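Hydrogens, waters and symmetry mates are skipped; everything else that's a heavy atom, side chains included, is used. Predicted model, so just to flag it, every value in this text is computed and none were measured.
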Amino acid sequence: LMSAAAAYHPPLYYPLAGRLVRAGLSIQGRALVGALLGCLRLLLFAAALEVLPLLSTLPRAARRFALALMVFMPSSVHGEVMLGGETLQNLLALCSLVLVALLLHAPRRLHRSLLLAIALGLTLGVGVLVKISALMLLAAPALAALAEALWLRDAGLRGRLQRRAPLAL
């Protein structure tokens with residue numbers, strides 16, 4: 001039988017935490033690893049705001065405000081130094097969403113699309129092994145593809161969504 005703790009954390013949580021303990025990291029050192037993963041997440045988010053087609057068209061002030069919310073949100077700051085798989089899961093979740101956006105808006109070249117799809121599959125797979133809540137991210141590519149199909153088909157819907165995009169951010 002699985003212990004109660006194992007029921008909440010998929011298998012990858014234990015080897016990663018065990019390696020940190022065997023490496024001799026103190027509790028503060030393990031919290032620092034979480035903070036470094038949080039910094040990577042912030043850098044990826046800042047890059048996504050500048051590169052992704054829908055986000056890069058937003059006014060610069062809106063993009064800065066979104067980044068500031070992510071930096072100073074108390075739950076985000078608190079979560080980055082918790083011991084557990086949350087920080088790695090947050091980074092993998094953002095990577096997955098960025099990969100979905102890149103996949104949907106990439107030039108239709110088979111080689112590039114295939115590489116993005118493989119990267120997305122690996123990211124989602126590792127995310128599910130880190131924390132089971134990543135299963136929700138499996139629906140993101142399907143919902144994004146559906147949204148893109150509606151976007152391309154209905155010009156009226158496209159106009160309404162463009163006007164509301166800053167509110168969604």
Any chain of hydrophobic side-chain contacts (each under 4.5 Å) joining Phe72 to Phe45? yes

Separation between CG (Leu91) and SG (Cys39), nearest 0.5 Å, reads 11.0 Å

In terms of heavy-atom contacts, Thr123 and Cys95 come closest through CG2-CB, 3.8 Å

When every non-hydrogen atom of Leu42 is compared with those of Met70, the smallest separation belongs to CD2-CG, 3.5 Å

Heavy atoms of Leu103 and Ala117 approach each other most closely as CD1-N, 4.0 Å

With sequence neighbours excluded, what pairs up with Arg41 under the side-chain hydrogen bond (donor to acceptor under 3.5 Å, both in side chains) test? Ser76, Glu80

Just to verify, which of Leu137, Leu92, Leu135 counts as forming a side chain to side chain contact (heavy atoms under 4.5 Å, CB included) with Val128? Leu135

Side-chain cluster (under 4.5 Å, hydrophobic types only) that Leu122 belongs to, other residues: Leu114, Ile118

Got a second to check how far Leu12's CG is from Leu88's CG, nearest 0.5 Å? 7.5 Å

Can you name the nearest heavy-atom pair linking Glu50 to Ser56, along with the distance? O-CB, 3.3 Å

Side chain to side chain contact (heavy atoms under 4.5 Å, CB included) for Val21 and Arg30? Distances and angles first, verdict last. CA-CA 8 Å; Val21 170; Arg30 285 177 276 170; 3.5 Å; yes

Same apolar cluster (I L V M F W Y, side chains within < 4.5 Å links), Leu124/Leu115: no

From the options Leu36, Leu40, Leu37, select the one residue that forms a side chain to side chain contact (heavy atoms under 4.5 Å, CB included) with Thr87. Leu37

Looking at Ile27, I'd like to know if its CD1 atom is crowded, meaning that more than 12 non-hydrogen atoms belonging to other residues, nucleotides or ligands lie closer than 6.0 Å. no

At their closest point, which heavy atom of Arg63 faces which heavy atom of Leu58, and how far apart are they? NE-O, 3.5 Å

So if you build clusters from Ile, Leu, Val, Met, Phe, Trp, Tyr with side-chain heavy-atom gaps below 4.5 Å, do Leu55 and Val71 land together? yes

Show, in sequence, the C-alpha distance, side-chain angles and deciding distance for Ser96 and Leu120, and conclude whether the side chain to side chain contact (heavy atoms under 4.5 Å, CB included) test is met. CA-CA 6 Å; Ser96 299; Leu120 176 61; 4.1 Å; yes

